[in-house]
Amino acid sequence: MSKLKTFFTANISGSGWLVTLRVGTAVALICKIASEYRYIDQLYGSDGFIPVDLAVYSQNPHIPAIPGIFHYVSRFCSEHHFLQAFFICQLIFAISLLAGYMTRFSALVCWLMMVIVFNSSHLTSYGFDAILLTLLFYSFIFPVGYDLSMDNRSKAKVTQRDDSLIHIFQKTIQIHVCLIYLVNGISKIDGSLWTNGLGLWDAINQPQFHSLLTPFFQKLFMIPFLPGLLGTSVLIIEIAYPFMIWVRQTRKAIFILIILLHILIAVVMGLWLFALAMIVLNAVAFGHVMRREKAQET
Amino acid sequence: MKKGIIIFLLASHLFLFFMGTSFFNFDRVPEKLQALVIYYLSITGGHSYNFFSPDIPQQVLVTCTVTDSNGSLFDSHGKFHMEHFGSTENTYELRSDYFFQSISNNGDYEAAGEVAIHHCLKKYPKAKAIEVVFSRYSAPDIVDFKEGHGRGSLNHFYTKNYTRE
């Protein structure tokens, strides 16, 4: 029982992970806005890629959506200007979150705006959007403005902070990350295409994932046993991560492997934003644990 | 007391996230509770993360052929009136591609076809006819590819037509 209590209460990584959470989340959000800004009419407009009549069926009626909000301000501006104002506003608060200025309020606004965006674009969303929403949620509920922030310049504010729950907050994210990998790793066991490597071969040949490196990877897959080895490795890394990450001796190795996996996903499939979000999540959960362990060793 | 409440709320949050995963049998949950859980997951991003599990699905490619008001498949510059969906060169193409992948996985080709036609009509307002073809891309056989004659193939499975009256 005491070991279990120690597991949940030992503060083995300090509060640096909160800075990583704040900065990493803000950067991911800024990258999303920057990559989508020129397409906001097509992606979120009522006459965009998804007609509003179809989009409304995928939206949660109890959560605001962009077309619904525009309905209330339509007499004041055009839809294009409204969309511009919406995303510029989100960008401003993302920068404010990055700097740690009015941190909790900035995180709240960014999170709520992302909730609206996510609800408005369910049909065109993918894993990155859900992970970013999770990061924003955590940025709001956790005290990410504690360190290295404009809010923390005042010494009086530093003395007011309560560090007693920081380890519990980080434990929450650690368990969350482990659940993500465990669930998806075990789900892949059902897929035979992972263990024989044909799933990866299919993926690199798909037009949607075609890149300059595709011919290189196609040649790489000609090496005997490599496709099966790579596919099985992905499976093993995801399933092993939730267990090996807690063991000091194996933590660094599995952490590096999972980061490499996400970098490979970015390079092979072009899913840069998704890789960024997952790397931020991993760095927040366990990056500072290893950093602190290394500092203690030296 | 305060600490205990916070720990309880965080544990509940993790459990709700677990409920959103494929491991949890959601059908056992009462309907009203299901709605609450889905709402909570919608605002916290706690959906079931796919991560290409159990397998990476075959890509669905959508090709639209547009015939203009003169009955021609070419515009004045000799460019073929054709729209393709299936690349990820920029965010718009990535997200439109994801739309077709997810909606095709749900079998809702009718709605997907409507979207493709809507897109074409916006780009070619004077289009007389639009043919939308859905195909699944199959990667070349790895052995054939190694021998130098492997080619990917498209397996057409759905067509939707639009004709301006």
Side-chain angles (χ1 to χ4, degrees), chain A residues 35-36 39 42-43 47 49-51 54 60 62-63 115 118-119 121 123-127 129-137 164-165 168-169 172 175-176 179-180 183-184 186-194 198-203 205-210 218 221-222 227 238 269-270, chain B residues 2-3 6-7 9-11 13-14 17-18 21-23 35 38-39 41-59 61 84-99 101-103 111 114-115 118-119 122 137-140 142 145-146 152:
Chain A
S35 69
E36 289 181 1
Y39 307 108
Q42 293 102 308
L43 292 172
D47 195 32
F49 175 68
I50 309 284
L54 178 62
N60 188 318
H62 305 294
I63 298 174
V115 167
F118 193 50
N119 191 40
S121 57
L123 293 173
T124 56
S125 66
Y126 64 110
D129 302 292
I131 300 287
L132 180 60
L133 195 53
T134 299
L135 286 170
L136 285 166
F137 175 69
S164 62
L165 286 168
I168 300 284
F169 295 156
T172 305
I175 295 171
H176 190 144
L179 268 176
I180 289 173
V183 168
N184 287 287
I186 292 177
S187 298
K188 285 185 171 68
I189 294 175
D190 287 336
S192 61
L193 295 182
W194 279 105
L198 289 180
L200 284 177
W201 170 252
D202 285 348
N205 280 283
Q206 286 186 7
Q208 63 182 331
F209 299 135
H210 193 271
Q218 285 174 329
F221 270 66
M222 298 298 108
E238 286 193 1
M269 294 177 160
Chain B
K2 177 188 165 187
K3 195 171 178 176
I6 290 172
I7 291 170
L9 288 173
L10 290 173
H13 162 77
L14 286 175
F17 165 70
F18 175 69
T21 67
S22 54
F23 277 12
I38 288 170
Y39 184 90
L41 295 177
S42 299
I43 64 172
T44 58
H47 290 261
S48 182
Y49 302 111
N50 185 269
F51 282 34
F52 298 121
S53 302
D55 278 315
I56 301 174
Q58 283 181 305
Q59 185 184 358
L61 286 162
H84 292 282
F85 294 98
S87 84
T88 54
E89 285 183 18
N90 56 54
T91 298
Y92 174 68
E93 293 197 2
L94 175 78
R95 290 198 180 274
S96 57
D97 178 55
Y98 268 110
F99 165 74
Q101 303 315 310
S102 61
I103 208 163
E114 291 288 341
V115 170
H118 173 80
H119 170 87
K122 279 176 61 182
Y137 176 81
S138 295
I142 198 167
F145 187 86
K146 198 172 181 178

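Quick note: numbers below take in every heavy atom, side chains included, and nothing from hydrogens, waters or symmetry partners. Order of the sequence lines fixes the chain letters, A, B, ..., with proteins taken first and strands second; residue numbering starts at 1 for each chain.
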Counting C-beta onward and ignoring hydrogens, is there a side-chain heavy-atom pair between A:Asp202 and B:Gln58 closer than 4.5 Å? no

Would you check if the side chain of A:Gln208 reaches a backbone N or O of B:Asp97 as a donor-acceptor pair within less than 3.5 Å? no

Residue set satisfying side-chain contact (heavy atoms from CB on, under 4.5 Å) with A:Thr172, at least two apart, ordered chain then number -> A:Tyr138, A:Phe142, B:Leu10, B:His13, B:Leu14

Of the listed A:Val115, A:Thr124, A:Ile186, the one with the largest count of heavy-atom pairs under 4.5 Å with chain B is A:Thr124

Heavy-atom distance under 4.5 Å to chain A: side chain of B:Glu114, backbone, both or neither? neither

Considering only heavy atoms, which portion of A:Leu54 lies under 4.5 Å from any heavy atom of chain B: side chain, backbone, both, or neither? side chain

Engaged part of A:Asp47 at the chain B interface, taking heavy atoms whose separation is under 4.5 Å: both

Under 4.5 Å from a heavy atom of chain A, the part of B:Ile142 involved: both

Output all residues satisfying ring pair (Phe, Tyr, Trp, His ring centres under 6.0 Å) with B:Tyr137, sequence neighbours left out; order by chain, then residue number. none

Nearest heavy-atom contact between A:Phe49 and B:His118 is O-CD2, 3.9 Å

